[in-house]
Novice: 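To start, I am sharing the structure in question, which I have written as structure tokens.
Note that the coordinates shown come from a computational prediction; the quantities given were computed from them, not determined experimentally. Chain naming here is simple, since letters A, B, ... match the order of the sequence lines and numbering starts at 1 in each.
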Protein chains: 2
Amino acid sequence: MNMLSRTEEMLLLAVCRLQTEAFGINIRKEVEALTGKRYSVGGIYVPLDRLVKKGFLSTKTGRATENRLGRPKRLFTISSVGLAALREARSLYEAMWASLPEPVVKQLTFSG
Amino acid sequence: MNMLSRTEEMLLLAVCRLQTEAFGINIRKEVEALTGKRYSVGGIYVPLDRLVKKGFLSTKTGRATENRLGRPKRLFTISSVGLAALREARSLYEAMWASLPEPVVKQLTFSG
DNA sequence: GGAAATACTCTATAAAGTAGAATAATTCAT
DNA sequence: ATGAATTATTCTACTTTATAGAGTATTTCC
């Protein structure tokens with residue numbers, strides 16, 4: 001068994017959500033906005049590159065002529081393997097939370 | 001922000017689920033049965049001890065007279081801090097998966 | 001060509017994940 | 001009381017992942 005880490009799942013979902021705007025700086029911003037998790041400026045590329053290496057993401061440099069200043073973006077897209085991993089991760093997550101003993105459910109639902 | 005890793009969340013939930021039978025070997029077995037994730041015999045204690053150190057779990061040795069062979073169990077129970085962390089983790093998880101673009105939802109729901 | 005803007009690469013360090021051999025604590029038979 | 005069988009944990013070395021931030025690259029505009 002080889003389940004996605006939370007980081008991996010979070011980043012794959014961020015890429016999905018950002019669609020054509022999924023590049024490093026945006027992904028970093030998106031993740032922070034959504035979960036509060038912060039990365040240093042360059043720190044986001046470490047796990048992203050790992051996901052590419054593992055075949056969950058693919059990446060290519062955006063076209064130069066974008067009519068704006070600055071270095072080209074490196075865009076990320078999720079692969080079919082990545083989508084499958086997300087489905088699997090979700091399903092495992094449900095299993096983890098399923099059928100907890102009733103007293104525990106109570107403690108988790110309300111603030112006890 | 002300091003969210004639980006998937007390992008941490010999984011182990012806290014396993015402890016909750018096992019209630020009075022939450023000790024190393026059982027937790028290891030429970031996790032494997034539920035998620036397919038395997039730990040080596042001793043490997044389960046590394047993250048468990050970390051959770052104790054962080055205050056999410058507490059632990060104490062089970063009573064000697066249990067009328068069975070073998071070394072005493074080291075039982076784990078979740079703390080109120082641990083429960084709060086679980087609630088937080090769940091809520092963050094929902095946020096991660098919320099409001100994905102419709103085409104992505106389709107790809108994730110069916111096997112495409 | 002130089003400044004401003006935008007975004008990425010690289011690398012060192014800390015933390016977490018992983019495996020498995022070794023050891024400990026108990027009961028039972030003798 | 002001693003040794004075998006049983007049950008469970010401790011220890012630790014190694015690999016992988018997380019994290020921060022300085023440095024660098026690419027582009028446009030003047």
Novice: Using heavy atoms to find the nearest nucleotide of DNA chain D for Pro47(A) and Leu69(A) separately, return the residue whose nucleotide is more 5′.
Specialist: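 Looking at the nearest nucleotide for each, Pro47(A) comes out on the 5' side.
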Novice: Please work out if Gly24(B) contacts a base, only the sugar-phosphate, or nothing of the nucleic acid, heavy-atom cut-off 4.0 Å.
Specialist: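 Sugar-phosphate contact only.
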Novice: With respect to Glu8(A), which candidate in Lys54(A), Arg50(A), Lys53(A) satisfies the salt bridge (charged side-chain N to carboxylate O under 4.0 Å, His left out) definition?
Specialist: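 Single pass found, and it is Lys54(A).
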Novice: If I take atom CZ in residue Arg74(B) and atom P in nucleotide dA8(D), what distance separates them, rounded to the nearest angstrom?
Specialist: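 That distance rounds to 14 Å.
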Novice: Hey, which of these two, Gly70(A) or Arg71(B), hits DNA chain D nearer its 5' end, going by closest nucleotide?
Specialist: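 Upstream on the strand: Arg71(B).
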Novice: Rounded to the nearest Å, what distance is computed from the CG atom of residue Leu4(A) to the C1' atom of nucleotide dT17(D)?
Specialist: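 One finds 14 Å between C1' of dT17(D) and CG of Leu4(A), rounded.
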Novice: For Lys53(A), which contact category applies under a 4.0 Å heavy-atom criterion: base, sugar-phosphate, or nothing?
Specialist: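 Nothing, no nucleic acid heavy atom in range.
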Novice: Look at all strands and tell whether Arg38(B) reaches a base, only sugar-phosphate, or nothing, counting heavy atoms closer than 4.0 Å.
Specialist: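 Result for Arg38(B) = sugar-phosphate.
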Novice: So which of Leu48(A), Leu83(A), Leu4(A) actually passes side chain to side chain contact (heavy atoms under 4.5 Å, CB included) with Phe56(A)?
Specialist: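 Testing Phe56(A) for a side chain to side chain contact (heavy atoms under 4.5 Å, CB included) against Leu48(A), Leu83(A), Leu4(A) leaves exactly one candidate, Leu4(A).
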Novice: For Arg50(B) and for Ser40(B), find the nucleotide of DNA chain C with the closest heavy atom, then tell me which residue's nucleotide is more 5'.
Specialist: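 Taking each residue's closest nucleotide, the earlier one in sequence belongs to Arg50(B).
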Novice: I'd like to know if Arg90(B) pairs up with Glu94(B) as an ion pair, taking the criterion as any Lys NZ or Arg NE/NH1/NH2 lying under 4.0 Å from an Asp or Glu carboxylate oxygen.
Specialist: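 Between Glu94(B) and Arg90(B) there is a salt bridge, with a charged N closer than 4.0 Å to a carboxylate O.
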Novice: Any side-chain heavy atom of Glu102(B) within less than 4.5 Å of one from Val105(B)?
Specialist: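 Yes, close enough: below the 4.5 Å cut-off.
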